[in-house]
Amino acid sequence: MAPDPLTPPDIDWTADGQPVSRAYGDVYFSREDGLAEARAVFLAGCGLPEAWAGRKHFTVAELGFGTGLNILALLELWSQTRPADSHLHIWSVEAHPLSGEVLAASHRAWPELAAFSQSLLDAWPPSTPGLHRIDLPAFHATLDLAFGEATTMLDSWTGQGDAWFLDGFAPATNPDMWSERVLGLVAARSAPAARVATFTVAGQVRRGLAAGGFEVSKRPGHGRKRERLEAVMPGVASEPARPERIAVIGAGIAGASLVRAFNQIGVRPTLIEAEHPGAGASGAPAGLVTPWLDAGLSPTAVLAAQAFHRASGLYRREVPQAVLQTGVLRLSRDDADMSRLVRIAGQAIWPADSLRPATQDEVAVQLDEDQARPGLWLCDGLVVEPASILAAWLAGAERLSGRVVDVTPGATVGVRLADGQQLTFDAVVIAAGWESARIGVGPLSPVRGQVAWVDGIEAGRGAVWGPGYAVPTRSGTLVGATHERGQTDREVDPGSSRILLDRLSAVRPKLAAALVASDLSARVAIRATTPDHRPLCGPSGPGVWMLTGLGGRGFVWAPLLAEHLVAEICATTSPLSGVHIDLIAGHRLAPS
């Protein structure tokens with residue numbers, strides 16, 4: 001089901017600079033001292049910091065992100081008191097997300113939280129429905145923002161809260177946030193010994209929490225409020241065992257994304273590579289990071305949009321040196337295709353103005369061609385340098401050079417290398433592209449892809465996608481790519497390069513003519529694809545996992561799916577909704 005568009009917040013400002021919701025007739029934080037209230041009601045109310053003592057991973061969930069004050073206060077306390085080698089995960093839902101500008105204005109009231117505020121604002125996502133992950137590495141924390149109605153977002157969340165901040169607008173004005181259904185979901189998503197804190201003592205809240213199994217008690221309130229609630233879920237807090245010795249096989253974008261995701265939660269895997277980073281399909285001089293454009297908004301398309309937003313944001317923030325160009329032109333094939341692209345541009349999953357129709361004249365001027373097709377500006381699309389991304393995300397990884405012959409699943413996973421070495425690990429992830437099929441992962445099919453490039457000739461002002469693509473490299477122009485199903489020949493074919501240039505001449509004749517007159521370099525890679533073009537991401541046997549079958553969209557799919565897979569392996573919180581986790585699980589169990 002396609003996500004519903006978000007309703008923008010309707011806010012006003014008090015004389016002393018505090019935001020007020022017109023829709024709910026309520027303030028976002030206490031006029032007396034919002035920060036003191038956050039610390040007293042939510043942090044102390046959930047028994048923090050004592051509750052996370054000795055924990056390697058702790059999850060705080062929140063209903064009603066609002067201005068983020070509770071989260072800023074939480075990050076401050078976590079930074080001061082967190083256990084060594086630990087990671088904080090935060091999940092917060094907000095139906096009407098504020099803009100970054102409004103957040104920044106609100107945060108000025110708490111200069112002591114400026115460092116935490118700035119980290120949040122630097123990665124603030126667009127107001128599109130669904131899950132948005134924000135990395136806070138300086139504070140050893142991750143924030144997942146769920147933009148949408150509380151019931152929908154909670155229903156699709158697969159995590160477990162160790163502590164809950166219930167901070168929606170008052171039950172009298174916002175009853176849906178405090179409904180029996182929502183409070184039942186809070187209980188269902190709570191770990192043993194989870195604690196809940198809220199400012200309200202409304203009867204429906206007390207009864208809803210008690211019905212979910214919480215032991216509920218009133219406590220002295222803060223400021224003008226006489227009372228507040230605390231609740232505890234019976235049980236003993238515990239952490240699932242986490243694999244200690246983990247190996248990642250493959251040093252392309254899938255392997256690099258896995259190493260990065262493991263590092264984010266404090267786990268250091270061993271990387272096993274047969275040749276060198278990018279030796280396979282991730283080794284071209286340039287690559288495209290573009291969205292999957294689906295007018296029907298299938299569940300896979302919604303997941304692909306989340307993957308694109310995640311990948312594009314990570315490359316721009318974490319490896320800006322790898323971004324060669326921002327903005328990609330998707331050319332239409334005909335009038336019907338152009339109509340489809342216009343419909344896609346209006347979908348709720350895309351930020352405002354991120355997809356913008358471009359007329360024939362606009363495209364012609366942009367590409368410096370006499371004639372052109374209309375198309376769609378993918379304003380957040382990127383051209384990236386793969387080598388820079390791999391170098392950044394694999395830096396510092398423990399590496400082991402060798403060709404994997406086979407992997408033996410079990411309580412202890414065996415890995416045999418071609419030189420005779422026998423290695424053992426607690427968990428192994430196979431992320432070796434087409435080589436994954438040789439190791440036993442499937443169903444996979446090969447697709448031969450050849451790209452060609454020229455140094456010294458610039459692609460001009462527009463990276464073009466469709467048919468094929470022509471994009472800038474660090475020193476020239478790259479044209480790609482052939483798509484030869486079932487072929488595994490890695491030898492460069494001059495005829496394939498001519499096909500690429502003939503195809504380019506149909507949309508960029510001036511550029512194609514310049515490239516034809518130059519000496520072309522070329523490279524062949526074998527992509528791994530699946531029968532339905534959806535990636536393989538999940539368990540492949542006891543202790544063995546897989547991330548492969550990414551086809552020609554590895555630089556889009558890999559970062560998000562790696563985070564999900566690492567969450568599964570290490571029993572932490574996935575960035576995917578339950579619907580999309582089921583989609584991936586159903587795919588890997590489907591017959592080929």
Side-chain angles (χ1 to χ4, degrees), residues 131 133 135 246-265 267 269 271-273 277-284 286-292 300 303-319 322-323 380-395 397 428-436 441 444 447 449 525-530 533-538 540 545-569 574-576 580-581 583-584 587-588:
L131 276 171
R133 176 156 285 190
D135 304 292
I246 300 173
V248 173
I249 300 173
I253 187 57
S257 296
L258 285 161
V259 169
R260 177 199 166 274
F262 277 119
N263 287 340
Q264 286 290 108
I265 61 170
V267 176
L271 178 71
I272 304 176
E273 52 182 308
S282 300
L288 276 174
V289 181
T290 54
W292 182 4
T300 301
L303 175 60
Q306 183 186 356
F308 166 73
H309 291 317
R310 182 63 173 154
S312 176
L314 282 176
Y315 299 145
R316 285 184 279 110
R317 288 190 298 272
E318 293 191 1
V319 277
V323 177
D380 296 328
L382 301 177
V383 181
V384 297
E385 183 178 52
S388 294
I389 296 171
L390 301 185
W393 286 358
L394 294 175
V428 171
V429 189
I430 300 171
W434 172 238
E435 282 291 292
S436 303
V441 169
L444 290 173
V447 174
I526 309 302
R527 307 186 195 103
T529 64
T530 62
H533 305 291
R534 280 156 42 193
L536 294 174
C537 177
S540 182
W545 307 76
M546 57 184 172
L547 179 56
T548 187
L550 306 182
R553 290 187 168 272
F555 282 87
V556 176
W557 280 117
L560 179 69
L561 294 187
E563 290 175 327
H564 164 67
L565 196 58
V566 166
E568 282 202 333
I569 294 169
S574 171
L576 302 187
H580 291 141
I581 291 173
L583 182 73
I584 294 172
H587 169 62
R588 66 172 176 258

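In this text the structure is predicted, and so the values were computed from the model without any measurement.
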Is [Y] close to [X] at the side-chain level, that is, under 4.5 Å between some pair of heavy atoms?
{"X": "S574", "Y": "I581", "value": "yes"}
{"X": "P559", "Y": "W393", "value": "yes"}
{"X": "W557", "Y": "L547", "value": "no"}
{"X": "E318", "Y": "D135", "value": "yes"}

Inset, instruction - Take L560 and H580 through the side chain to side chain contact (heavy atoms under 4.5 Å, CB included) test and state the conclusion after the steps. - result: CA-CA 12 Å; L560 179 69; H580 291 141; over 6 Å; no
Please list, one pair per line, the donor and acceptor atoms closer than 3.5 Å that link side chains of residues 247-256 to other protein atoms, with sequence neighbours excluded.
none

Polar side-chain atom of [X] near backbone of [Y] as donor-acceptor pair, under 3.5 Å:
{"X": "R553", "Y": "A304", "answer": "no"}
{"X": "S312", "Y": "D380", "answer": "yes"}
{"X": "R310", "Y": "R133", "answer": "yes"}
{"X": "Y315", "Y": "F555", "answer": "yes"}

Inset, instruction - Taking all heavy atoms of C537 and all of I584, pick out the closest pair and write down the distance. - result: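 Minimum heavy-atom contact is O-CG2, 2.9 Å.
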Inset, instruction - Name all residues meeting the side-chain contact (heavy atoms from CB on, under 4.5 Å) criterion together with E435; count only those two or more places apart in sequence or in a different chain, and write none if there are none. - result: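 Scan of E435 (side-chain contact (heavy atoms from CB on, under 4.5 Å), adjacent residues dropped) gives R403, A432, R438, R490.
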